[in-house]
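Shown next, in structure tokens, is the structure this report addresses.
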Number of protein chains: 2
Amino acid sequence: MSLEDTDLVRVRALSLFRALDSEVFTRLMRGAFLQRFPRGSQLTSQGQPDNFLFVLLDGAIELEGSSSDRESTLALLWPTATLGLASIVLDGPSLMSARTTKASLILMVPGDAFRQALGENAALGRAVAEELAGCFSGAVRSLKNCKLRTARERLISYLLAQYERQDGGSIIRLPCRKRVLASLLGMTPENLSRAFASLTPHGVEIDGATVTLRQPDALAMLARPDPMIDSDVGEGFSQAERERRRGKRLAMAAL
Amino acid sequence: MSLEDTDLVRVRALSLFRALDSEVFTRLMRGAFLQRFPRGSQLTSQGQPDNFLFVLLDGAIELEGSSSDRESTLALLWPTATLGLASIVLDGPSLMSARTTKASLILMVPGDAFRQALGENAALGRAVAEELAGCFSGAVRSLKNCKLRTARERLISYLLAQYERQDGGSIIRLPCRKRVLASLLGMTPENLSRAFASLTPHGVEIDGATVTLRQPDALAMLARPDPMIDSDVGEGFSQAERERRRGKRLAMAAL
DNA sequence: CGGCGAATTGACGGACGTCAACTGCTGTGG
DNA sequence: CCACAGCAGTTGACGTCCGTCAATTCGCCG
């Protein structure tokens, strides 16, 4: 599939590419192409070489780590996130396995062209550095989330973070199946179910993927949300994606 | 304290600075200075602004995360590691608290000068991107270590990683107090003590900070070490530091 | 309508944290 | 130089959190 203008504009607006000269940008995009993937497509496999930088334009991606037959969801990606930047920069193996959880539209940028441009262009270098610093920051927050909180606290913090982020008052739509959420939060589906049940006395009502928080303040007392952890935990490591959300919040605030 | 030539040579050899023009390097170093810190000095505090890039030339640093009166050691840094790169690049708050665990010699590079040079110099941009990609990779490995293994498996993997890394045959010297190691591995000191005890039937002998592995192969069966996790887990997120170790291993292999 | 997977619920067990007591080391000051 | 305070480490008893296994229900899609 060729690059349509509307898609190109969206890519151009990403923090990774925004500061680039038109000439460098077009050179990068010359080798790039758009691809549609059905739900469940494996994009990368942990430990395998990674030859493309992915930009998720539409759909959803699950990042998963595995070791000796155990698996865990490490993050979920939404538009407009990037994937694989660290592997491309280091020319090393993929850190995580990635697979689409919805039919997705993905821009694929060849890694070698990207690496070459990186060595030649200071603006790209800076943008990549900022993006990777954001990835690192996200991973450190996930690590703290995992080491400093119990499973129940992680669930509460997750719900409160979604509550802050989504606009619909005290009503939240879970963005993924519960078993995926459980893995993301580092627990079993059974335990997630019980944790949800234990929150009903605190004003949490669950109906399928719809969760209503009747007493968010009471929940905050149970988990002590922490801005140095909760901004965007487990919601992908991509700075571009964070920016998109920040922009959305600002746009809403302006109304 | 002023920059001595011998120290300057060590800094110049770091992957972060190696590819730089002499002119850019000297400009960066013009505002930099060396400082000695006694054991226990607080270098950064989680959430506080971070105005220096630290380069640990001598000593040791513990990185710690905290949230609502709980604390956890996230990594240990040895020479020649860098600290604070992500915060400097993003001009944001410190992600973790850092404090020296030994008397330390540290090069402090002003953050604003560094940020400015980053925007102007492609070689620096690339070096920073690589360093941060390494940091991200390290953090992701720590996250997998935490989510995919039990406490006992983390200990075994840690011992095996140290065993691979240190030269002294099957004898390991723990690089930190056991309570710090426990926190790094995500367990309590009591539990670490019990985990050690449970390994004696498998050829692990403990004498203070000295650990002897009589049957490393048997240990590997108990934990299934994984190269996509274990390279340098919890041993700092700095690429420069990893390189130093790789160099050491290569130098040893050459003997 | 039938089957499959997601989600829930219960019973059970294991891993790990907490509390307390005890030991040994270390550094410090009389 | 030694006494002693204080902390690191170990060990035991106990409780809690959470994983495992199994049974059941529900919704979805063939």
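Note that the coordinates shown come from a computational prediction; the quantities given were computed from them, not determined experimentally.
For residues 58-68 of chain B, the pairs satisfying salt bridge (Lys or Arg N to Asp or Glu O under 4.0 Å) are Glu62(B)-Arg99(B), Glu64(B)-Arg99(B), with sequence neighbours left out.
Using a 4.5 Å heavy-atom cutoff, the side chains of Ile61(A) and Leu76(A) are not in contact. At a threshold of 4.5 Å between non-hydrogen side-chain atoms, the residues Leu159(A) and Ile156(A) do not count as touching.
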Acceptor/donor pairs from residues 38-45 of chain A side chains to any protein atom, 3.5 angstrom cut, sequence neighbours excluded:
unit_1: Arg39(A); atom_1: NE; unit_2: Thr101(A); atom_2: O; d: 3.2
unit_1: Ser41(A); atom_1: OG; unit_2: Pro38(A); atom_2: O; d: 2.6
unit_1: Gln42(A); atom_1: NE2; unit_2: Thr44(A); atom_2: O; d: 3.3
unit_1: Thr44(A); atom_1: OG1; unit_2: Ser94(A); atom_2: OG; d: 3.4
unit_1: Thr44(A); atom_1: OG1; unit_2: Met96(A); atom_2: O; d: 3.0
unit_1: Thr44(A); atom_1: OG1; unit_2: Ala98(A); atom_2: N; d: 3.1

All N/O donor-acceptor pairs, side-chain side in residues 208-227 of chain B, below 3.5 Å, sequence neighbours left out:
unit_1: Thr210(B); atom_1: OG1; unit_2: Arg173(B); atom_2: NH1; d: 2.9
unit_1: Arg214(B); atom_1: NE; unit_2: Glu205(B); atom_2: OE2; d: 2.6
unit_1: Arg214(B); atom_1: NH2; unit_2: Glu205(B); atom_2: OE1; d: 3.1
unit_1: Asp226(B); atom_1: OD1; unit_2: Met228(B); atom_2: N; d: 2.7
unit_1: Asp226(B); atom_1: OD2; unit_2: Ser67(A); atom_2: OG; d: 3.0

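Judged as a side-chain hydrogen bond (donor to acceptor under 3.5 Å, both in side chains), and not counting sequence neighbours, the contacts of Ser157(A) are Arg149(A). Every side-chain hydrogen bond (donor to acceptor under 3.5 Å, both in side chains) that Ser198(A) has, sequence neighbours left out, goes to Arg152(A). For the side chain to side chain contact (heavy atoms under 4.5 Å, CB included) test, residues two or more places apart in sequence or in another chain that qualify with Thr200(B) are Ile206(B). For Arg70(A), the side-chain hydrogen bond (donor to acceptor under 3.5 Å, both in side chains) test picks out Glu153(B), with sequence neighbours left out. Applying the side-chain hydrogen bond (donor to acceptor under 3.5 Å, both in side chains) rule to Ser183(B) yields the partners Thr73(B); only residues at least two apart in sequence or on another chain are considered.
Here the two rings, on Phe33(A) and Phe52(A), have centers that are under 6.0 Å apart.
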Heavy-atom protein contacts under 4.0 Å, nucleotides 17-30 of chain D, coded B base, S sugar-phosphate only, - none: -SSBB---------
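Not one side-chain nitrogen or oxygen of Arg177(B) sits closer than 4.0 Å to the OP1 or OP2 atom of dA8(D).
Once you apply a 4.0 Å limit to the heavy atoms of chain B, the touched nucleotides of DNA chain C run 5' to 3' over dC16(C) to dC19(C).
Taking every heavy atom of residues 202-214 of chain B and every atom of DNA chain D, no pair lies under 4.0 Å.
Over its length, the helix from dC1(C)-dG30(D) to dG30(C)-dC1(D) turns its helix axis by 30°, as judged from the five terminal pairs at each end, rounded to 10°.
Between the side chains of Arg10(A) and Thr6(A), no donor N or O sits under 3.5 Å from an acceptor N or O.
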